[in-house]
Amino acid sequence: MRIRGASPGEWPATEAEAIAAQERLREAADLTGPGPAPDEVRTVAGVDVAYADGGGLVAAAVVLDAATLTVVEESVHAGHTDFPYVPGLLAFRELPSVVAALEGLTRRPDVLVCDGYGIAHPRRAGLAVHLGVLTGVPCYGVAKTPFLFTYEQPGHERGSWSPLTIDGEQVGRALRTRTGVKPVFVSVGSGIGIDHATALTLRLTPAYRQPETTRRADHLCRTRLASSAP
DNA sequence: GCGACAG
DNA sequence: ATCTTGTCGC
């Protein structure tokens with residue numbers, strides 16, 4: 001898929017620049033409307049990155065058929081990053097390689113699912129917001145561990161959820177994807193509402209806590225990194 | 001004031 | 001994220 005505006009020319013080099021860029025980005029997010037309903041979603045793409053020592057990395061994008069959860073297409077990109085991991089600035093570390101992996105796809109998926117957060121973020125500009133704005137593809141995030149918000153434990157049953165709150169504002173949901181298993185944290189990025197994001201996530205989790213999209217992408221980049229290690 | 005903090 | 005042994009359960 002082709003991605004516009006991914007020019008590395010004005011990529012932030014410092015934390016201050018990155019934070020300023022996020023303040024502007026949050027204005028660009030499309031947080032209106034429900035976005036595509038699960039039944040309208042034909043293909044879903046998952047993205048993930050695996051890191052080596054010294055900045056080496058492999059990014060992967062995997063497109064699944066939303067109905068059968070079958071792999072339709074895969075793309076990997078081996079590269080590196082100089083941006084360190086800083087809580088709140090994950091996007092600047094992962095985005096360039098993720099975009100490169102997405103550009104290797106021949107199709108434009110209907111929805112994008114990534115690791116980490118969307119608006120459940122200190123500046124409402126998590127990785128899913130960046131990706132959604134940059135690609136124009138409806139995008140949301142599914143994270144495994146809590147970040148900067150408060151929430152009540154959702155019900156024990158698969159499908160139950162509770163709101164994620166920052167200063168009284170709802171920024172996502174703690175969603176139980178498997179009965180009796182720790183919840184995941186869903187927050188929208190751009191182009192899709194939390195209801196459809198929640199419903200789609202449940203369709204993507206027939207057997208495991210994490211969405212199949214994430215599992216496939218994780219396995220792909222991890223395997224590729226291992227087989228290319230020194 | 002200090003620490004914690006998606007991956 | 002990554003580094004790691006054994007262990008419980010289907």
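Nothing here was measured: the structure is a model prediction, and the numbers come from that model. We name chains A, B, ... by the order of the sequence lines, and we start the count at 1 in each one.
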Once you apply a heavy-atom cut-off of 4.0 Å, does [X] come out as touching a base, just sugar-phosphate, or nothing?
X: A:Leu127; result: base
X: A:Pro146; result: sugar-phosphate
X: A:Leu89; result: base

Ion pair A:Arg224/A:Glu74, N-O distance below 4.0 Å: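 No.
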Side chain to side chain contact (heavy atoms under 4.5 Å, CB included) partner of A:Leu112, the single match among A:Val44, A:Leu102, A:Val98: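 It is A:Leu102, the one option of A:Val44, A:Leu102, A:Val98 that forms the side chain to side chain contact (heavy atoms under 4.5 Å, CB included) with A:Leu112.
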Nearest to the side chain of [X] - [options]?
X: A:Asp48; options: C:dT2, B:dG7, B:dA6; result: B:dG7
X: A:Tyr117; options: B:dA6, C:dA1, B:dG7; result: B:dA6
X: A:His121; options: C:dA1, B:dC5, B:dA6; result: B:dA6

Side chain A:Arg176, main chain A:Gly155, donor-acceptor under 3.5 Å: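 Confirmed, A:Arg176 side chain pairs with A:Gly155 backbone.
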Parallel, tilted or perpendicular, as decided by the 30° and 60° cut-offs, for the rings of A:Phe185 and A:Tyr117: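 Rings of A:Tyr117 and A:Phe185: tilted, as their planes differ by 30° to 60°.
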Linked, directly or transitively: A:Ile192 and A:Val41 (ILVMFWY side chains, under 4.5 Å):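 Shared cluster, yes.
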Interatomic distance, A:Arg93 CZ vs C:dA1 P [rounded to whole Å]: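 In whole Å, C:dA1 P lies 11 Å from A:Arg93 CZ.
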Side-chain N,O (A:Tyr85) to OP1/OP2 (B:dA6) below 4.0 Å: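 Answer yes for this pair, as a side-chain N or O of A:Tyr85 is under 4.0 Å from OP1 or OP2.
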Watson-Crick and G-U pairing of DNA chain C written in dot-bracket, each distance under 3.5 angstrom, with | for inter-strand partners: ..........
Other residues, nucleotides, ligands: >12 heavy atoms within 6.0 Å of A:Arg158 CZ: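 Counting neighbours around CZ of A:Arg158, more than 12 heavy atoms of other residues, nucleotides or ligands fall under 6.0 Å, so yes.
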Please write out the pairs of protein N or O atoms and N or O atoms of nucleotides 4-10 of chain C separated by less than 3.5 Å, giving the distance to one decimal.
none

